[in-house]
There are 2 protein chains.
Amino acid sequence: MLVYTDKSRLPRAGTPCSACPLRAKPAFADKTVDDIAFIQSMKIDHRLVKAGSDIISPGETDAELFTLFAGWAYRYKTLPDGRRQILNFLLPGDILGLQASLLSASQHGIEALTDVEVCVFSRRRVWDLFVKMPTLAYELAWLGSREESMVDENLVSVGQRSAAERIAALVISLFRRAETLGLVSDKSFQFPLSQQHMADALGLSLVHTSKTWSRLRRAGLFAFAGGRLTLLNPRLTARMASLFEREMTPRPLI
Amino acid sequence: MLVYTDKSRLPRAGTPCSACPLRAKPAFADKTVDDIAFIQSMKIDHRLVKAGSDIISPGETDAELFTLFAGWAYRYKTLPDGRRQILNFLLPGDILGLQASLLSASQHGIEALTDVEVCVFSRRRVWDLFVKMPTLAYELAWLGSREESMVDENLVSVGQRSAAERIAALVISLFRRAETLGLVSDKSFQFPLSQQHMADALGLSLVHTSKTWSRLRRAGLFAFAGGRLTLLNPRLTARMASLFEREMTPRPLI
DNA sequence: CGGCTCGTTGATCAGGATCAATTATCGTGG
DNA sequence: CCACGATAATTGATCCTGATCAACGAGCCG
């Protein structure tokens, strides 16, 4: 993992969990002081990871547990001949490495999509957490189930939807997630995926992704410029993807 | 859910968890008496479900938690126009409805593939379990991660593998799972999937599934007769699917 | 300026979808 | 025991979505 060691350039590294700016967002449920104190006690580092490098490498054992503090990342698996499947994308507040930390070796890799900041939690203390902090343990399991549910949805896309439907589904689901984090202003948000990322996530070729992508743009579903995506027609995009509005209840932030 | 109410025809319904025949299998890790006693106290029913009916319906709220005691099942999602994606298959000893029980409403359905027996656990007491039984809570989370890891693998199949590779991957992964349960004798095991099930799991059309399936049979990878599948060439099948041998550590049985 | 990576666009190809017809397989009732 | 209808599997013909090949333009960095 590529890491900045010079913490002096990381003003937020010193911020206590109780004053975590993420926690203030409406996407996340409130926590008791005790829970926050325990989280703080588990936190062993605050790291910067450069875009494109692994936060957890495939096959890594004893990977720590992370919370994505800022930036985007994704989970992926590769086949021996190099084919890569992106399993799901990770946004700020998402937990990262839970599967790797419970199972013995990581079955997947996690790579930083943008420059990223992560909170690092001691893997050894996860067990401690289950013993002492049932609320947090429950929330950990909850977050795991939520991630599975996202993978489920991606599997539906790749297995059943056409190329255009897949892109529409990807775009709205990311839009909605960004929205709950307050990252959307005026229907537009920072969209850091390359077309190669989309292709690998959707099970499409790079070329076909490009063609379908620009077809949907010409159709007026969305616009893309300067790394920002503007969802011009959310209704139509959602309908094209058959992706239901699913109200987002505040979720736990570990 | 279609249920037999006449328990008299269910001799195993009265068997205490401590004498659970599944528990004796090498696939499952040993448990303390305390843990087993708690599991027993959570168990509120032992039900038979007919093949083809839902154990958990899509959108169901307050679904209970189950362990699959005997038979096969699968998780699935459907799109409004009827397209169906099978997310993963469930074999005896697998937990079922964990996601539905943690999240508020079930995002998927679970259907019995064969006639099935399930142990029913009180959903209300799951929280109790997290408070009192950290070991079991940890194992629940572990089982959740394991299921996610299976969905991950299916997503790799559907996103990256060719039709033949997908079928090969499905066949071996089911073979291996059946093997750990002692269901395989002489390289062959009961294989209850219809071609429609395979098609829906692999994101292929029914017709193409049939053609590829018989091509692989003619190629000598496996044979299928009388509902039993015989894996004639496990090595080649595994290589075709690029599915690595992954040693199975004993897993928790709740 | 050259050498990257990334996106775009056109031409061609093929894997798998769709359509259609036939053949087991099986449970059910006469 | 057989006839029947329903469901599941097979096979051939044709079509089309999306893969592959190839060339080119745009932005970016050294």
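Protein chains get the first letters and strands the later ones, always in sequence-line order, with residue 1 at the start of each.
- Centroid-to-centroid, the aromatic rings of B/Y74 and B/H197 come within less than 6.0 Å.
- Residues meeting the side-chain hydrogen bond (donor to acceptor under 3.5 Å, both in side chains) test with A/S205, sequence neighbours left out: none.
- Within a heavy-atom distance below 4.0 Å of DNA chain C, no residue of residues 217-226 of chain B is found.
- In this structure A/S173 satisfies the side-chain contact (heavy atoms from CB on, under 4.5 Å) test together with A/L243, sequence neighbours excluded.
- Among residues two or more places apart in sequence or in another chain, the ring-ring contact (aromatic ring centres under 6.0 Å, His included) test is passed with B/F89 by none.
- Looking only at atom types and distance, the side chain of A/R166 has no donor-acceptor partner in the side chain of A/S157 under 3.5 Å away.
- Each end of the helix from C/dC1-D/dG30 to C/dG30-D/dC1 gets its own rotation axis from five pairs of C1' atoms, and the angle between them is 40° to the nearest 10 degrees.
- A heavy atom lying under 4.0 Å from DNA chain D marks the following residues of residues 188-201 of chain B, by number: B/S194, B/Q195.
- Here B/A168 pairs with B/T237, B/M240, B/A241 under the side-chain contact (heavy atoms from CB on, under 4.5 Å) rule; sequence neighbours left out.
- Taking the side-chain contact (heavy atoms from CB on, under 4.5 Å) definition, one finds that A/S149 meets it with A/R246, B/Q99, B/L103, B/Q107, sequence neighbours left out.
- Shown here are the side-chain contact (heavy atoms from CB on, under 4.5 Å) partners of B/N154, two or more places apart in sequence or in another chain: A/L155, B/N88.
- Residues meeting the side-chain hydrogen bond (donor to acceptor under 3.5 Å, both in side chains) test with B/R83, sequence neighbours left out: A/E165, B/D81.
- In this pair, A/F222 and A/W213 present their aromatic rings tilted. The plane angle is within the 30 to 60° band.
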Practice task
Determine, for nucleotides 13-22 of chain D in 5'-to-3' order, which nucleotides have protein heavy atoms under 4.0 Å from the base (write B), from only the sugar-phosphate (write S), or from neither (write -).
Solution key: B----BSBB-
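- At whole-Å resolution of the value, CH2 in B/W213 and C1' in C/dA24 are 17 Å apart.
- Among residues at least two apart or in separate chains, ring pair (Phe, Tyr, Trp, His ring centres under 6.0 Å) pairs with a member in residues 158-186 of chain A are A/F175-A/F189.
- The structure places CZ of A/R146 at 10.5 Å from CD1 of A/I95, a figure rounded to the nearest 0.5 Å.
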